[in-house]
Amino acid sequence: MNSRIALGSAQFGLAYGIANQLGRVGRDKVTQIVSHARAAGMNTLDTAISYGGSEVVLGEVGVGRWQ
């Protein structure tokens, strides 16, 4: 299935966002978010090297089947 919605990952590596008061999302929470997004039919990640450690965290939680 191709989803038309991508999961953004900036907060997985940075304290990103104008309203963000909690900082980076922790690894356990990233695991939950990725799992729930996949179960909901999402298959595309929005990530970039400029998102701090987001690519490292995504690699640790396992996103091999994601685009």
Side-chain angles (χ1 to χ4, degrees):
M1 167 196 311
N2 265 341
S3 176
R4 293 179 61 162
I5 299 174
L7 176 62
S9 65
Q11 285 186 337
F12 299 171
L14 299 169
Y16 176 82
I18 195 165
N20 181 354
Q21 297 180 355
L22 302 176
R24 284 179 50 182
V25 176
R27 184 172 178 247
D28 291 340
K29 193 60 150 178
V30 171
T31 301
Q32 291 176 354
I33 292 168
V34 168
S35 177
H36 287 296
R38 190 65 168 171
M42 293 178 76
N43 66 348
T44 304
L45 289 167
D46 168 22
T47 191
I49 197 164
S50 62
Y51 290 176
S54 67
E55 291 178 329
V56 172
V57 172
L58 289 168
E60 290 173 356
V61 302
V63 292
R65 298 181 335 192
W66 287 76
Q67 295 181 17

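Computed from a predicted structure; not experimentally measured.
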### Message
If hydrophobic clusters are built by linking Ile, Leu, Val, Met, Phe, Trp and Tyr wherever their side-chain heavy atoms come under 4.5 Å apart, do I5 and Y51 end up in the same one?
### Response
no
Search all heavy atoms of [X] against all heavy atoms of [Y] and return the closest pair with its distance.
| X | Y | answer |
| --- | --- | --- |
| L7 | A37 | CD2-CB, 4.1 Å |
| A15 | G23 | CB-CA, 3.7 Å |
| W66 | L45 | CE3-CG, 3.6 Å |

Which value, rounded to the nearest 0.5 Å, describes the distance between [X] atom [atom1] and [Y] atom [atom2]?
| X | Y | atom1 | atom2 | result |
| --- | --- | --- | --- | --- |
| T31 | E60 | OG1 | CD | 9.0 Å |
| Y16 | S50 | OH | OG | 9.0 Å |
| N43 | R65 | CG | CZ | 10.0 Å |
| H36 | K29 | NE2 | NZ | 7.5 Å |
| Q11 | L22 | CD | CG | 8.5 Å |

Flag side-chain contact, heavy atom, 4.5 Å: [X] against [Y]:
| X | Y | result |
| --- | --- | --- |
| V63 | V34 | yes |
| L58 | S9 | yes |
| V57 | R24 | yes |

#### Entry: V61, T47, I33 screened by side chain to side chain contact (heavy atoms under 4.5 Å, CB included) with F12, the one that passes
I33
